[in-house]
K.L.:
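One structure, pasted below without further comment.
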Amino acid sequence: MMDVVIRDADVVDGSGGPSYRADVGIEGGRITSVVQEAAAAGCLRPVARRVVDAEGLVLSPGFIDMHAHSDLALLRDPDHSAKVAQGVTLEVIGQDGLSYAPVDDRTLAEVRRAITGWNGNGDDIDFSWRSVGEYLDRLDHGFDGEGIAVNAAYLIPQGAVRMLAVGWDDRAATPRELDRMRQLVADGMREGAVGMSSGLTYTPGMYAKDTELTELCRVVAEYGGYYCPHHRSYGAGALDAYREMVELTREAGCPLHLAHATMNFGVNKGKGAELLELLDEALGGGADITLDTYPYTPGCTTLVAMLPSWASEGGPEAILARLGDAETAERIRHHMEVVGSDGCHGVPIEWDTIEISGVADPALASYVGLTVQDSADARGEAPWTTARRLLLDDGLGSTILQHVGHEDNVQTIMRHRVHTGGSDGILRGDKPHPRAYGTFPQYLGRYVRELGVLSLEECVAHLTSRPAARLRLPDRGLVREGYRADLVLFDPETVAAGSTFDVPRALPVGIPHVLIDGRFVIEDGRRTDVLAGRAVRRTPR
């Protein structure tokens, strides 16, 4: 007697191969039997305490979100339907070089301030950890020892490491500081991180030169991890920025996973194929490269991230001081509007593409949903005046949607053989990007069923086995006997993202069942109270 049998499912098993009809049995959190064409063959069918009639439904492995910003949400929200309802069973957090471990008392306060726009200020969180291992233990404990909503793997944030060893200064690390950073990365890898991330348009991580990053990547590679950079530009010079990461990781002997890999701004319209040519050349030479994307054109980040790096040196308090000084603020404006800020990827900012999506101070909610240009026009002032006021009044906590993407690039890149899915979902704000709630059903509904950009079998492989292989998880990402029963049942005819730019928190449709560790976290379309998620630690070599 098994725990669960899923009967007469159309199994899309994550391998990319053709679907097949089968009964799938689950016991003790693992897949214990896959009996193909069970009904037609007339064989003895598996028996279980719970039987799910999957007629007309696709059964696939659970989706792996390769780029998530749920670092505090997993500890704040036991429901976490933003991801659970999409069929996400594992998230990779610690992204873009900024997260909450490793830290000390000083840098914890600094990083909380720096990424308030991503995760809130954390006043509702008991920051009882300091090391990577302690943070992963905290995820394991979850809510009263019951766990968290979905599984989570962690990347060591290089920016946080640099905060600890160097601070917020724009300078090269000393040999002693570099040794400390190497040790911090090694400690984090031994404690279970799957790799290291960078945010090379975010301070202080962006102050690291390639030689410094290469040395840290050597440590990551030694422990079997991978490097996940948000590289130095997605706009002007984007191809050179991608090439820089390919060459850096080749030198370090470290696998490379390119975060939210796209080509944005007017200078890159129609250039997705050029990126893929660069990657194909490197892959042909033996490089180990993967990438993730989200199936939308706008990006999402914080308003303060648009500032030039020199204006961000010293951390949040120094930024506010510069913004408060009229002469320095004018220099910042000139750099952003005329020169092209490195925070805005080397492209002069277009305020009509910058939509405010969230504010830390509810009193500023009137800005949300408007571009900076529209807010400025309504006030009869220059857009920089509006943006500067908002940065100061909101304590740098404002988030933005940046409407600078191109649909042809999105589709071109998602077809590539090393592509995986990542939401880059920021869950905070009054009007978050709909990718936070809709990325995975958006792939299945719009890009598979409606547009035919990918076949169903290809798409599921992109969202399951391929990311599991990058994470070196030997028992996830496929529907196979002995694999963990992290599974999704969805209707291929109706699955779709419910979230839109106007209603960003609407849940998807067409996903009636989601299981993690063989337990129903979504059952008959409703969130259960099951907390089956745990920290997923790096598999030792």
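Keep in mind that this is a model prediction, so the values were computed, not measured.
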K.L.:
Applying the side chain to side chain contact (heavy atoms under 4.5 Å, CB included) test to L396, which of L303, I115, L323 qualifies?
P.N.:
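Exactly one pass, corresponding to L323.
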
K.L.:
Do you know the tightest heavy-atom contact between G133 and E191?
P.N.:
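Nearest pair, atom of G133 first, then E191: N-OE1, 2.7 Å.
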
K.L.:
Do R470 and Y226 form a cation-pi contact, if we require the NZ or CZ to be under 6.0 Å from the six-membered ring centre and within 45 degrees of the ring's axis?
P.N.:
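Judged by the rule, R470 and Y226 form a cation-pi pair.
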
K.L.:
Is there side-chain contact between M189 and I156, with at least one heavy-atom pair below 4.5 Å?
P.N.:
yes

K.L.:
Would you call D210 and R232 a salt bridge, taking side-chain N to carboxylate O under 4.0 Å as the test?
P.N.:
yes

K.L.:
For the pair T107 and D104, evaluate side chain to side chain donor-acceptor pair (under 3.5 Å) and give the outcome as yes or no after the intermediate values.
P.N.:
CA-CA 5 Å; T107 63; D104 59 18; 3.1 Å; yes

K.L.:
Do E110 and R113 come within less than 4.5 Å of each other through their side chains, counting heavy atoms only?
P.N.:
no

K.L.:
Without swapping roles, check the side chain of R322 against the backbone of E313 for a donor-acceptor pair under 3.5 Å.
P.N.:
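Yes, the answer is positive, given that a donor and an acceptor are paired below the 3.5 Å cut-off.
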
K.L.:
Quick one: are D96 and H67 in side-chain contact, heavy atoms under 4.5 Å?
P.N.:
yes

K.L.:
Hey, does the side chain of Y367 reach the backbone of T386 with a donor-acceptor pair shorter than 3.5 angstrom?
P.N.:
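Checking the backbone N and O of T386 against the side chain of Y367, no donor-acceptor pair under 3.5 Å is found.
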
K.L.:
How are the rings of Y443 and F440 set to each other: parallel, tilted or perpendicular (split at 30° and 60°)?
P.N.:
tilted

K.L.:
Is a salt bridge present between R218 and E215, judged by a nitrogen-to-oxygen distance below 4.0 Å?
P.N.:
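So R218 pairs with E215 through a salt bridge.
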
K.L.:
What closest approach, in Å, do A236 and G346 show between heavy atoms, and which atom pair accounts for it?
P.N.:
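The answer is CB-O, 3.7 Å.
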
K.L.:
Please report whether the ring centroid of F265 lies less than 6.0 Å from that of H406.
P.N.:
no

K.L.:
Just checking, R138 and Y154: is the charged tip under 6.0 Å from the six-membered ring centre and within 45° of the axis?
P.N.:
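Verdict for Y154: no cation-pi partner in R138.
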
K.L.:
Once you measure the plane-to-plane angle for H231 and Y242, does it fall in the parallel (<30°), tilted (30-60°) or perpendicular (>60°) bin?
P.N.:
tilted

K.L.:
Counting N and O atoms only, with roles assigned by atom type, does the side chain of Y135 sit under 3.5 Å from a partner on the main chain of D71, one being a donor and the other an acceptor?
P.N.:
yes

K.L.:
Are the side chain of S99 and the backbone of A101 linked by a donor-acceptor contact shorter than 3.5 Å?
P.N.:
no

K.L.:
To the nearest 0.5 Å, how far apart are OH in Y100 and CG in L72?
P.N.:
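Nearest 0.5 Å value for the OH-CG distance: 4.0 Å.
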
K.L.:
Roughly how far apart are L98 CG and H69 NE2, rounded to 0.5 Å?
P.N.:
9.5 Å

K.L.:
Hey, does D280 have a side-chain heavy atom less than 4.5 Å from the side chain of H416?
P.N.:
yes

K.L.:
Closer than 4.0 angstrom, basic N to acidic O: yes or no for E330 and R333?
P.N.:
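Salt bridge flag = yes for R333 with E330.
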
K.L.:
When rounded to the nearest 0.5 angstrom, what distance separates CG in L248 from OH in Y227?
P.N.:
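The CG atom of L248 sits 6.5 Å away from the OH atom of Y227.
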
K.L.:
Taking all non-hydrogen atoms of both residues, which atom of A238 and which atom of M263 are closest, and how far apart?
P.N.:
CB-SD, 4.0 Å

K.L.:
Rounded to the nearest 0.5 Å, what separation is found between the NZ atom of K83 and the OG1 atom of T89?
P.N.:
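K83 NZ to T89 OG1: 11.5 Å, rounded to 0.5 Å.
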
K.L.:
Are Y447 and H462, when compared by the centres of their aromatic rings, separated by less than 6.0 Å?
P.N.:
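They do not qualify: ring centres at least 6.0 Å apart.
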
K.L.:
Thinking salt bridges, do D240 and R243 make one under a 4.0 Å N-O criterion?
P.N.:
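Salt bridge: yes.
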
K.L.:
Where do C228 and L155 come nearest, in terms of heavy atoms and distance?
P.N.:
CB-CD1, 3.9 Å

K.L.:
Give the minimum heavy-atom separation between P255 and G225, together with the two atoms involved.
P.N.:
CD-O, 3.5 Å

K.L.:
Walk me through whether H403 and E355 qualify under side chain to side chain donor-acceptor pair (under 3.5 Å).
P.N.:
CA-CA 8 Å; H403 295 271; E355 178 185 354; 2.8 Å; yes

K.L.:
Give the minimum heavy-atom separation between P204 and R162, together with the two atoms involved.
P.N.:
O-CD, 3.6 Å

K.L.:
For the CG atom of L275 and the CG atom of L258, what is their distance to the nearest 0.5 Å?
P.N.:
7.5 Å

K.L.:
Given side chains that start at C-beta, do those of I356 and L370 come closer than 4.5 Å, heavy atoms only?
P.N.:
no

K.L.:
Could you please spell out the steps behind the side chain to side chain donor-acceptor pair (under 3.5 Å) verdict for H257 and T290?
P.N.:
CA-CA 5 Å; H257 180 86; T290 50; 2.7 Å; yes

K.L.:
Does a sphere of radius 6.0 Å around CG in D124 hold more than 12 heavy atoms from other residues, nucleotides or ligands, not counting ones at 6.0 Å or beyond?
P.N.:
yes

K.L.:
Please tell me whether T201 and H345 have a donor and an acceptor in their side chains that are separated by less than 3.5 angstrom.
P.N.:
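No, H345 and T201 have no side-chain donor paired with an acceptor closer than 3.5 Å.
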
K.L.:
Could you go step by step and tell me if D179 and Q183 meet the side chain to side chain donor-acceptor pair (under 3.5 Å) rule?
P.N.:
CA-CA 6 Å; D179 282 344; Q183 187 60 55; over 6 Å; no

K.L.:
For T420 and L291, indicate whether the former's side chain and the latter's backbone hold a donor-acceptor pair under 3.5 Å.
P.N.:
yes

K.L.:
Drop me the distance from D342's CG to M336's CE, to the nearest 0.5 angstrom.
P.N.:
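Answer rounded to 0.5 Å: 10.5 Å.
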
K.L.:
Are D65 and R435 within salt-bridge range, i.e. N to O under 4.0 Å?
P.N.:
no

K.L.:
Between D187 and R190, does any NZ, NE, NH1 or NH2 come within less than 4.0 Å of an OD or OE carboxylate oxygen?
P.N.:
yes

K.L.:
Is S81 reaching over with its side chain to a backbone N or O of V84, donor-acceptor style, under 3.5 angstrom?
P.N.:
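Checked: no pair found.
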
K.L.:
Give a yes or no on whether the ring-centroid distance for H260 and Y234 is below 6.0 angstrom.
P.N.:
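Yes, the ring centres sit under 6.0 Å apart.
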
K.L.:
Could you check whether the rings of Y202 and W118 sit parallel, tilted or perpendicular, using 30° and 60° as the cut-offs?
P.N.:
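Geometry flag for W118 against Y202: perpendicular rings.
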
K.L.:
State plainly whether the residues R130 and E134 are in salt-bridge range, i.e. N to O under 4.0 Å.
P.N.:
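E134 and R130: not salt-bridged.
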
